[in-house]
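Hydrogens, waters and symmetry mates play no part in the numbers below; they use all other heavy atoms, side chains included.
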Amino acid sequence: MNLSPPGCARLLAMPRALAARGIALRPETEEDVPFLRRLYISTRWEELAPIIDWSETQKLAFLESQFGFQRHHYLTYYASTDFAVLEQDGVPMGRLYIDRRSDTLLVVDVALLPEWRGHGIGAELMREVMAEARASGRTVTVTVEKNNRAQNLYRRLGFGEVADEGVHWIMEWSGAPERAAVS
């Protein structure tokens with residue numbers, strides 16, 4: 001079952017550099033939930049390292065419950081979002097959730113398993129999101145935790161903070177639409 005509403009799914013065009021490496025996006029299905037849970041836990045595990053009063057079992061139980069809350073929130077409040085799984089040669093490696101609004105492409109979530117981070121994949125995906133936004137005259141918006149290293153990537157790509165949400169920054173990129181070359 002595709003999670004995007006009928007007629008709504010429109011996956012991001014895969015950057016050539018990633019496609020050449022066997023990386024593709026596909027619509028998320030309910031069968032992906034175990035992978036998505038593992039992915040979520042991998043993105044939050046380091047935050048719990050300083051908590052020494054919890055066992056690993058307690059930390060895992062907490063993160064599993066948080067995954068459930070996040071998933072429910074996304075499916076409830078971002079119903080028009082394209083929920084996509086990123087995979088290499090058919091093996092899931094990450095996710096990209098984009099809510100295409102009239103004025104902005106809202107990157108609801110982008111995440112990679114630890115072994116795929118730091119290889120330029122996120123940057124290539126974001127550049128493609130930016131290219132789509134530029135072609136349609138929209139901005140790109142993303143929410144990022146202030147302690148998340150990804151904010152450095154967003155800044156390098158030209159995003160700036162537009163709102164302070166406590167532990168999060170709302171960051172936005174607003175590139176000018178590409179103009180046709182004059183002959």
Side-chain angles (χ1 to χ4, degrees), residues 1 3 12 18 21-79 81-99 105-127 129 140-173:
M1 170 173 127
L3 298 180
L12 184 73
L18 297 182
R21 294 168 55 187
I23 297 174
L25 282 169
R26 63 164 175 78
E28 180 181 302
T29 68
E30 283 298 320
E31 289 76 33
D32 291 311
V33 171
F35 162 73
L36 296 168
R37 181 179 295 110
R38 183 169 56 99
L39 176 64
Y40 177 83
I41 290 169
S42 79
T43 66
R44 309 308 294 222
W45 191 257
E46 284 182 26
E47 293 174 34
L48 299 184
I51 302 174
I52 58 173
D53 295 338
W54 288 7
S55 68
E56 286 198 10
T57 302
Q58 290 171 312
K59 291 176 183 180
L60 186 60
F62 173 75
L63 290 174
E64 286 179 349
S65 71
Q66 293 299 294
F67 167 75
F69 292 133
Q70 182 192 66
R71 182 161 176 78
H72 173 55
H73 178 80
Y74 285 174
L75 294 174
T76 302
Y77 294 99
Y78 298 100
T81 295
D82 292 328
F83 296 93
V85 171
L86 188 67
E87 55 186 20
Q88 182 181 47
D89 300 325
V91 178
M93 60 189 285
R95 68 182 182 186
L96 176 63
Y97 297 169
I98 300 175
D99 189 359
L105 298 182
L106 173 62
V107 178
V108 175
D109 202 329
V110 58
L112 296 166
L113 288 173
E115 60 268 27
W116 292 103
R117 297 177 199 152
H119 298 285
I121 296 167
E124 286 294 323
L125 289 172
M126 291 306 295
R127 283 188 196 100
V129 172
V140 179
T141 306
V142 63
T143 300
V144 62
E145 289 184 359
K146 291 179 179 177
N147 66 351
N148 187 330
R149 289 174 281 184
Q151 68 178 293
N152 298 323
L153 166 66
Y154 300 135
R155 283 192 186 93
R156 282 194 315 269
L157 292 173
F159 284 75
E161 294 92 2
V162 294
D164 183 337
E165 297 285 320
V167 298
H168 298 95
W169 290 114
I170 306 288
M171 299 183 81
E172 185 175 270
W173 174 86

Chemist: To the nearest 0.5 Å, what is the distance between CZ (R95) and CG (L25)?
Modeler: 13.5 Å

Chemist: Atom CG of L153 and atom CG of N148: how far apart are they, to the nearest 0.5 Å?
Modeler: 10.0 Å

Chemist: Between atom CD1 of I121 and atom CG of L96, what is the distance when rounded to the nearest 0.5 Å?
Modeler: 12.5 Å

Chemist: Might you work through the side-chain contact (heavy atoms from CB on, under 4.5 Å) test for L125 and L86, ending with a clear yes or no?
Modeler: CA-CA 10 Å; L125 289 172; L86 188 67; 3.8 Å; yes

Chemist: Which heavy atom of P92 sits nearest a heavy atom of V85, and at what distance?
Modeler: CB-CG1, 4.0 Å

Chemist: Just checking E56: does its CD atom have more than 12 heavy atoms from other residues, nucleotides or ligands closer to it than 6.0 angstrom?
Modeler: no

Chemist: Should T81 and Y74 count as side-chain neighbours, where that means a heavy-atom distance under 4.5 Å?
Modeler: no

Chemist: Within the 4.5 Å heavy-atom criterion, are F83 and V108 side-chain neighbours or not?
Modeler: no

Chemist: Applying side-chain contact (heavy atoms from CB on, under 4.5 Å) to D89 and V91, what does each step give before you reach the verdict?
Modeler: CA-CA 6 Å; D89 300 325; V91 178; 5.5 Å; no

Chemist: Is any side-chain heavy atom of D32 closer than 4.5 Å to a side-chain heavy atom of R26?
Modeler: yes

Chemist: Check salt bridge (charged side-chain N to carboxylate O under 4.0 Å, His left out) between E47 and all other residues, then give those that pass, not counting sequence neighbours.
Modeler: R44

Chemist: Taking all non-hydrogen atoms of both residues into account, name the closest pair between S42 and L113 and its distance.
Modeler: OG-CD2, 4.0 Å

Chemist: What I'd like to find out is whether the side chain of H73 reaches to under 4.5 Å of the side chain of Y78, using heavy atoms alone.
Modeler: yes

Chemist: Within the side chain of K146, is there an N or O that forms a donor-acceptor pair under 3.5 Å with the backbone of D164?
Modeler: no

Chemist: Do E64 and R71 meet the salt-bridge criterion of a basic N to acidic O distance under 4.0 Å?
Modeler: no

Chemist: Do T43 and R117 have side-chain heavy atoms sitting under 4.5 Å apart?
Modeler: yes

Chemist: Would you check if I98 and V110 make a side-chain contact, meaning some heavy-atom pair closer than 4.5 Å?
Modeler: no

Chemist: Which pair of non-hydrogen atoms, one from L63 and one from Y40, has the smallest distance, and what is that distance?
Modeler: O-CE2, 3.4 Å

Chemist: Give, for atom CE of M93 and atom CZ of F35, the distance between the pair rounded to the nearest 0.5 Å.
Modeler: 8.5 Å

Chemist: Got a second to check how far T29's OG1 is from L36's CG, nearest 0.5 Å?
Modeler: 8.5 Å

Chemist: Indicate yes or no: at least one non-hydrogen side-chain atom of W173 is less than 4.5 angstrom from one of M126.
Modeler: no

Chemist: Give the intermediate values and the outcome of side-chain contact (heavy atoms from CB on, under 4.5 Å) for residues F67 and I41.
Modeler: CA-CA 8 Å; F67 167 75; I41 290 169; 5.7 Å; no

Chemist: Which residues satisfy the side chain to side chain donor-acceptor pair (under 3.5 Å) test with R127, sequence neighbours excluded?
Modeler: E124

Chemist: Taking Q88 for its side chain and R21 for its backbone only, find out whether a donor-acceptor pair lies under 3.5 Å.
Modeler: yes

Chemist: Output the distance between atom CZ (R38) and atom CH2 (W45), rounded to the nearest 0.5 Å.
Modeler: 14.0 Å

